[in-house]
J.: 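Below you will find the structure I want to go over with you.
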Amino acid sequence: MSNIKLIIDERPANIGNFMVGRLLPFREKRMVGPFSFIDHMGPAAMSDHENLDVPPHPHIGLSTLTFLFEGEITHKDSLGNHVVIKPGQVNWMTSGKGIVHSERTPEHLRHTDKMLHGLQIWVALPKALEKMEPEFFHVEEKDIPHWEENGLKFKLIAGEAFGKKSAVPVYSPLYFIEIKSSARQKVNIGNDLFGESALYILDGAIESEGNIFEPKHILIANNSKLCEFEMHENSTVYIFGGEPFPEERFMYWNFVATDKAFIEEAKTKWLNQSYKLVPGETDFVPLPMQSIR
């Protein structure tokens, strides 16, 4: 990829066909297609007395995608779903008008040493579906399209690309793709992408026009059709993007919406604890003091 804008510690500099940041969103780029948030969890080594415990908290206006590399998470939500997420599986939760969920270390791991490593991603919903009924889907690893081509291993985790379609039920044109290389290899997939496109480096490195980019950087292509780069050996990258929405999205905490009034309504409902509760859970995450952005 050429034309890269490099952003480190919020200081941009032009380097070719990319804008580069640490996570999404960052100041120079709020969204890529419908993707509004990416969090790289870990890798975190936890001892036998340390556990993940995120009490019930709400979401509106988006779908969440959880994809683990190591470890397990118990997902429980206000629809009554209770699922243990394992590496390679996809947890796809659509909040719509509002859903509440908790994320915790499973009972069978709470008193052992363990690792936790993965990605948590938010995908904004189209304006017409922001207040849809909430839904939840859990997709097994075997049901994720995967193939090998030109020395590279691909997974289509969500969306459509390369003439294939993931089992994850998305609500707008998008793609979320894993690519692994065992040897140094050129990648040219621009003709298979559309809309806005970005790349997240998990392991190894990629090279473009003599520039080397290492893990935990997001590279945002100014033109998805020019998505060409060289992967170093033993590298893993994630390509994500799709058609952008015409409307601006506002964000507050776990709420994403085109209408600030919808966010204010959600804030009031959470303060009043009037959302449907998660069965078996008694605590919750308090509403934070922050502004809508």
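As a basis for the values below, the full set of heavy atoms in this structure was taken, side chains included, without hydrogen atoms, waters or symmetry mates. What you are looking at is a predicted structure, and each value in this text was computed from that prediction instead of being measured.
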J.: Using the test side chain to side chain donor-acceptor pair (under 3.5 Å), find all partners of H111 that sit at least two apart in sequence or belong to another chain.
T.: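 With sequence neighbours excluded, H111 shows a side chain to side chain donor-acceptor pair (under 3.5 Å) to no residue whatsoever.
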
J.: By ring pair (Phe, Tyr, Trp, His ring centres under 6.0 Å), which residues pair with F154, not counting sequence neighbours?
T.: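 Here the qualifying residues are W147, F162.
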
J.: For a ring pair (Phe, Tyr, Trp, His ring centres under 6.0 Å) with Y238, tell me which candidate from Y200, Y175, F176, F35 qualifies.
T.: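 The residue from Y200, Y175, F176, F35 that satisfies ring pair (Phe, Tyr, Trp, His ring centres under 6.0 Å) with Y238 turns out to be F176.
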
J.: Please write out which residues are connected to I212 in a hydrophobic cluster, directly or through intermediates, given that two of Ile, Leu, Val, Met, Phe, Trp, Tyr count as joined at side-chain heavy-atom separations below 4.5 angstrom.
T.: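 In the cluster with I212 there is nothing else; it is isolated.
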
J.: What closest approach, in Å, do P55 and S102 show between heavy atoms, and which atom pair accounts for it?
T.: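 Heavy atoms of P55 and S102 come nearest at C-CB, 4.0 Å.
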
J.: Check side chain to side chain contact (heavy atoms under 4.5 Å, CB included) between H146 and all other residues, then give those that pass, not counting sequence neighbours.
T.: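 Per chain and number, H146 pairs via side chain to side chain contact (heavy atoms under 4.5 Å, CB included) with K155.
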
J.: Working to the nearest 0.5 angstrom, can you tell me the gap between L125 CG and Y171 OH?
T.: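 One gets 7.5 Å once the value is rounded to the nearest 0.5 Å.
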
J.: For H117, what residues pass the ring pair (Phe, Tyr, Trp, His ring centres under 6.0 Å) criterion, not counting sequence neighbours?
T.: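 Partners of H117 under the ring pair (Phe, Tyr, Trp, His ring centres under 6.0 Å) test: H40, F69.
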
J.: What are the two closest heavy atoms between L152 and S181, and how far apart are they?
T.: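 Where L152 meets S181 most closely, the heavy atoms are CD2-CB, 3.7 Å.
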
J.: Would you please name every residue forming a ring pair (Phe, Tyr, Trp, His ring centres under 6.0 Å) with W92, sequence neighbours left out?
T.: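 W92 satisfies ring pair (Phe, Tyr, Trp, His ring centres under 6.0 Å) with no residue once adjacent residues are dropped.
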
J.: Check whether K114 reaches the backbone of E50 with its side chain - one donor and one acceptor, N or O, closer than 3.5 Å.
T.: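 Between the backbone of E50 and the side chain of K114 there is a qualifying donor-acceptor contact (under 3.5 Å).
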
J.: Search all heavy atoms of T94 against all heavy atoms of I99 and return the closest pair with its distance.
T.: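 Scanning both residues completely, I find the closest heavy atoms to be O-CD1, 4.5 Å.
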
J.: Holding to side chain to side chain contact (heavy atoms under 4.5 Å, CB included), I want the full list of residues that pass it with P87, two or more places apart in sequence or in another chain.
T.: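 For P87, no residue satisfies side chain to side chain contact (heavy atoms under 4.5 Å, CB included) once neighbours in sequence are set aside.
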
J.: Partners of E243 by side chain to side chain contact (heavy atoms under 4.5 Å, CB included), sequence neighbours excluded?
T.: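 By the side chain to side chain contact (heavy atoms under 4.5 Å, CB included) rule, E243 matches P173, F194.
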
J.: Keeping E130 on the side-chain end and T258 on the backbone end, is there a donor-acceptor pair under 3.5 Å?
T.: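 Answer holds: yes.
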
J.: For K267, which residues count as a side chain to side chain contact (heavy atoms under 4.5 Å, CB included) partner, sequence neighbours excluded?
T.: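 By the side chain to side chain contact (heavy atoms under 4.5 Å, CB included) rule, K267 matches Y252, F255, I263, E264, L287.
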
J.: Show which side-chain atoms of residues 103-110 pair as donor or acceptor with protein atoms under 3.5 Å away, not counting sequence neighbours.
T.:
{"from": "E103", "atom 1": "OE2", "to": "Q120", "atom 2": "NE2", "distance (Å)": "2.5"}
{"from": "R104", "atom 1": "NE", "to": "E281", "atom 2": "OE1", "distance (Å)": "3.4"}
{"from": "R104", "atom 1": "NE", "to": "E281", "atom 2": "OE2", "distance (Å)": "3.0"}
{"from": "R104", "atom 1": "NH1", "to": "D53", "atom 2": "OD1", "distance (Å)": "3.0"}
{"from": "R104", "atom 1": "NH2", "to": "E281", "atom 2": "OE1", "distance (Å)": "2.9"}
{"from": "R104", "atom 1": "NH2", "to": "D283", "atom 2": "OD1", "distance (Å)": "3.1"}
{"from": "T105", "atom 1": "OG1", "to": "L52", "atom 2": "N", "distance (Å)": "2.7"}
{"from": "H108", "atom 1": "NE2", "to": "E72", "atom 2": "OE1", "distance (Å)": "2.9"}
{"from": "R110", "atom 1": "NH1", "to": "D53", "atom 2": "OD1", "distance (Å)": "3.3"}
{"from": "R110", "atom 1": "NH1", "to": "T105", "atom 2": "O", "distance (Å)": "3.0"}
{"from": "R110", "atom 1": "NH2", "to": "D53", "atom 2": "OD1", "distance (Å)": "3.2"}
{"from": "R110", "atom 1": "NH2", "to": "D53", "atom 2": "OD2", "distance (Å)": "2.7"}

J.: Hey, what's the ring geometry for W253 with H57, parallel, tilted or perpendicular (30° and 60° as the breaks)?
T.: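 Aromatic pair W253/H57 classed tilted.
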
J.: Does H82 form a ring-ring contact (aromatic ring centres under 6.0 Å, His included) with H75? I'd like the steps, not just the answer.
T.: CA-CA 6 Å; H82 184 167; H75 162 99; 9.0 Å; no

J.: Which residues satisfy the side chain to side chain donor-acceptor pair (under 3.5 Å) test with E160, sequence neighbours excluded?
T.: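 Listed in chain order: nothing, the list is empty.
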
J.: For N81, check side chain to side chain donor-acceptor pair (under 3.5 Å) against everything at least two apart and list the hits.
T.: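 Side chain to side chain donor-acceptor pair (under 3.5 Å) list for N81, sorted by chain: D77.
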
J.: Would you say Q89 and E140 are linked by a side-chain donor-acceptor pair, where the criterion is simply a distance under 3.5 Å?
T.: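 Judged by distance alone, the side chains do pair up.
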
J.: Using modelled atom types only, decide if a donor and an acceptor are shared between the side chain of S235 and the backbone of A205 within a distance under 3.5 Å.
T.: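 At least one qualifying donor-acceptor pair exists.
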
J.: Minimum heavy-atom separation for W122 to T64, with atom names?
T.: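 Here W122 and T64 meet closest at CD1-CG2, 3.8 Å.
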
J.: For a quick test of reading the model, state the closest non-hydrogen atom pair linking I60 to A266 and the distance between them.
T.: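 Distance-wise, the nearest heavy atoms are CD1-CB, 3.8 Å.
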
